[in-house]
Amino acid sequence: FFFQPPSGSGSMFRAAIAPARRLCTSSPALARVNDVYKPGVPPVACPQVSETCTRTPCLCIPDSKAHPSKADFLAQHRREWSHEESLEAHHKHSLFTWTAHDAASAAAIMMVRSEGVYFYDQHGKKYLDWNSQAMCVNQGHTADPSIVQAITEQLTTLPYAYPGMFVTPVRGRLCKLLADICPGDINTFMFPSSGAEANEVAVRMARQMTGRHKIFSRYRSYHGATATTLALTGDQRRFAGEMGAHGHVKFFDPFPYSFSLGSTEEEITANALTQLAEQIAYEGPHTIAAIHLESVTGTNGILKPPKGYLEGIRKLCTDHGILMVCDEVMAGFGRTGRLFGFCHAPSVVPDIITFAKGVNGAYVPLGGVGVRDFVANHFRKNNVGIGSTYNSHPVALASAYAALQVFVEKDVTQNAADMEQHLQAGLQFLMDGHRSIKQARCVGLFGCIDIQKNTSGDFIARVTDAPPPPMVAFKKALLKEGLFTMMRGHTVFCNPPLIITKEQIEEGIGKLDRALHILDEAMQD
């Protein structure tokens, strides 16, 4: 079994048909499928003879002497399970995301509990979470009691409401809170159930509103794992999802991998915007619905835009009637030391923003879309053209409403801003002491280290490469030290929970320092 984010039947269908597209009609797997189900012939309730079926309990002949009763079946699942039994069930019956299952499953850590900026495995080993899991556990692993209470009360009072026909008290309150804190006239919100689905909504809105079909996005980008958002994505993860997608046009970032657009921020910005303006002219501005970009690039390198870049994007969009969409799924809600990544360009207000992760600390699946007044006014009179079963789920909204109050009360954004200097100092310490580090950077608590393989500055791997042996060994050493983080190609991410302290940052830097000798020794010169 494979568990998609709760994005409705459409996302599940896309996940289901992807492997089918790759299944050869002459394969043994399809032959077995055809043995069970032949077109035009209704499938039988069970493909095996009931008395020899190993499935328990048998749904064909319940409570037969050859099969356990419902009570015995339920007792098996209600008893205490050992960690070994849980691992075995995972290996046999689950699938990992983004990778082949067997190798990932064999190497996976079983998390059994967590608190603050730490989590623990089944053996009691303690790990510092240096990446906030998927850059999302922004408020740490201990949910404030008010968040737990809000979720529990919502489950008790009203666990579900169909979003297309009903409203709930918490939906109105959360929308008002977001309208109060969001910049400009971003006053209206919709709540899908993941960051990917939020970006799907933004694309649909832009096309519906403008009547245009092209969506511009950058090469160094990631926007989600559904069909549309993978096509929107620029990095190699999109290759699995481009089939059937249309109207997606890529443009280069201010910071390409293999060439430079200038030696100063001003030069880089001018060249990047000139190049984009020419591309818009060639594509036809009347065909472009939106320019969709991460305000601060996330898994493709933690890249803060150069001075004037977002302002230039805003002007190009305004001049041509193109909607500006900022993906704040990773950068949003304090990660960069500002409420949103685009707030580093104070004069810029996007037409649409997308968010998830930090809106409720990832305690419950939730995404969101915020729109300016003129966009909202259009959809008050016109069909938005999108929806899902779990949109505006009251339990998820209750978690966000409580979490955002904690977020404001504890001034989480300010802590991220205050801790930037300590993370930056730690990264500089590592650069000074390890020749394998080419460069390091952070904005707020959004940071990374780039690893080189020689003094010429060549990266140890491309983002499209499998991890080379030294990086594999380095990751194992970090886990032995008790530090978890993510790595892609040559990049080691440094994105701890936003509640982290100076002392805990120093602890993480120390663990990295003790493991980096592996990469130093792997240098080719």
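Because the structure is predicted, anything quoted here is derived from the model rather than measured.
Atom CD1 of Ile509 is separated from atom CG of Leu430 by 4.5 Å, given to the nearest 0.5 angstrom. Atom-to-atom distance recorded for Ile215:CD1 and His213:NE2 is 9.5 Å, nearest 0.5 angstrom. With values rounded to the nearest 0.5 angstrom, Tyr309 atom OH is found 6.5 Å from Leu273 atom CG. We find the CD1-CE distance between Ile451 and Met471 to be 5.5 Å, quoted to the nearest 0.5 Å. Summarising the geometry, atom CG belonging to Asp373 is positioned 4.5 Å from atom CG belonging to Asp185; distances are rounded to the nearest 0.5 Å. The CZ atom of Phe355 sits 5.0 Å away from atom CG of Leu178, with the distance rounded to the nearest 0.5 Å.
Of the possible polar contacts, none joining the Lys214 side chain to the Gly284 backbone as a donor-acceptor pair under 3.5 Å is found. Judged by distance alone, with hydrogens and angles left aside, the side-chain atoms of Arg441 form a donor-acceptor pair with the main-chain N or O of Ile302 at under 3.5 Å. No donor-acceptor pair closer than 3.5 Å links the side chain of Arg335 to the backbone N or O of Gly358. Between the side chain of Asn199 and the main chain of His223, a donor-acceptor pair closer than 3.5 Å is present. Between the Ser221 side chain and the Gly234 main chain, a donor and an acceptor come within less than 3.5 Å of each other. Side chain of Asn495 to backbone of Met135: no donor-acceptor contact under 3.5 angstrom is found. Not one N or O on the side chain of Glu200 forms a donor-acceptor pair closer than 3.5 Å with the backbone of Gly224. Formation of a donor-acceptor pair under 3.5 Å by the Glu265 side chain with backbone atoms of Lys307 is found in this model. A distance-only check finds a donor-acceptor pair linking the side chain of Arg212 to the backbone of Pro285 [under 3.5 Å]. His393 places a side-chain N or O within donor-acceptor distance of the main-chain N or O of Val395, the cut-off being under 3.5 Å.
Atom CD of Glu278 has 12 or fewer neighbouring heavy atoms from other residues, nucleotides or ligands inside a 6.0 Å radius. Counting non-hydrogen atoms of other residues, nucleotides and ligands closer than 6.0 Å to CZ of Phe374 gives a total above 12. Counting non-hydrogen atoms of neighbouring residues, nucleotides and ligands closer than 6.0 angstrom, the OH atom of Tyr282 reaches no more than 12 such neighbours.
Looking only at side-chain heavy atoms (C-beta outward), Asn377 and Arg380 come within less than 4.5 Å of each other. Under the 4.5 Å side-chain criterion, counting only non-hydrogen atoms from C-beta, Ile280 is in contact with Phe216. The closest side-chain heavy-atom distance from Met209 to Met205 is not below 4.5 Å. The shortest side-chain heavy-atom distance between Cys494 and Thr485 does not fall under the 4.5 Å cut-off. Annotation: side chain of Met111 is not in contact with side chain of Tyr127 (no heavy-atom distance under 4.5 Å). Looking at heavy atoms from C-beta onward, Phe191 lies in side-chain contact with Cys175 at the 4.5 angstrom threshold. Looking only at side-chain heavy atoms (C-beta outward), Thr354 and Cys326 stay at 4.5 Å or farther from each other. Here the side chains of Asp144 and Gln405 are not in contact, with every heavy-atom distance at 4.5 Å or above.
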Would Thr228 and His248 count as a side-chain contact (heavy atoms from CB on, under 4.5 Å) if you check the C-alpha gap in whole Å, the side-chain angles of each, and the deciding distance to 0.1 Å?
-> CA-CA 9 Å; Thr228 294; His248 293 276; 4.2 Å; yes
Would you please test Tyr118 and His141 for side-chain contact (heavy atoms from CB on, under 4.5 Å) and show each step?
-> CA-CA 7 Å; Tyr118 302 97; His141 288 273; over 6 Å; no
For side-chain contact (heavy atoms from CB on, under 4.5 Å), just list the numbers for Asn271 and Gln275, CA-CA rounded to whole Å, side-chain angles, deciding distance to a tenth of an Å, and then say yes or no.
-> CA-CA 6 Å; Asn271 287 333; Gln275 184 182 57; over 6 Å; no
Verify side-chain contact (heavy atoms from CB on, under 4.5 Å) between Thr413 and Phe407, making sure each step is shown before the conclusion.
-> CA-CA 8 Å; Thr413 299; Phe407 175 83; 3.0 Å; yes
With side chain to side chain donor-acceptor pair (under 3.5 Å) as the test, would you mind laying out the steps for Glu197 and Ser194 before giving the verdict?
-> CA-CA 5 Å; Glu197 193 182 355; Ser194 69; 4.6 Å; no
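Remark: the Ser263 side chain and the Glu267 side chain contain an N/O donor-acceptor pair separated by less than 3.5 Å. Using modelled atom types and a 3.5 Å distance limit, the side chains of Glu294 and Thr297 yield no donor-acceptor pair. No donor-acceptor contact under 3.5 angstrom links the side chains of Arg338 and Ser295, judged on distance only. Remark: the Glu283 side chain and the Gln279 side chain contain no N/O donor-acceptor pair separated by less than 3.5 Å. A donor atom on one side chain and an acceptor atom on the other are not found under 3.5 Å apart for Arg314 and Ser347.
Geometrically, Lys438 engages Phe459 in a cation-pi contact defined by less than 6.0 Å to the ring centre and at most 45° from the axis. By the 6.0 Å and 45° rule, Arg462 does not stack over the aromatic ring of Tyr257.
Between Asp253 and Arg218 there is a salt bridge, since at least one side-chain N of the basic residue sits less than 4.0 Å from a carboxylate O of the acidic one. Taking a cutoff of 4.0 Å between a charged side-chain nitrogen and a carboxylate oxygen, Asp235 and Lys250 do not qualify as a salt bridge. Between Lys502 and Asp418 no salt bridge is recorded (no basic side-chain N to carboxylate O distance below 4.0 Å).
Residues Gly140 and Tyr363 approach most closely at O-OH, 2.8 Å, considering heavy atoms. Closest heavy-atom contact between Met324 and Leu310: CE-O, 4.0 Å. Gln424 and Cys442 make their closest contact through OE1-SG, 3.3 Å (heavy atoms, listed as atom of the first residue, atom of the second, distance). The two atoms that bring Pro496 and Ser132 nearest to each other are C-OG, 2.9 Å, heavy atoms only. Contact between Gly368 and Ala198 at its shortest, heavy atoms only, is O-CB, 3.4 Å. The shortest non-hydrogen separation linking Cys448 to Thr491 is CB-CG2, 3.6 Å.
Phe96 and His101 have tilted rings, their planes meeting at an angle from 30° to 60° on a 0 to 90° scale. Using cut-offs of 30° and 60° on the angle between ring planes, the pair Tyr390 and Tyr160 is perpendicular.
For the ring pair (Phe, Tyr, Trp, His ring centres under 6.0 Å) with Tyr219, the qualifying choice from Phe251, Phe252, Phe255 is Phe252, the only one to do so.
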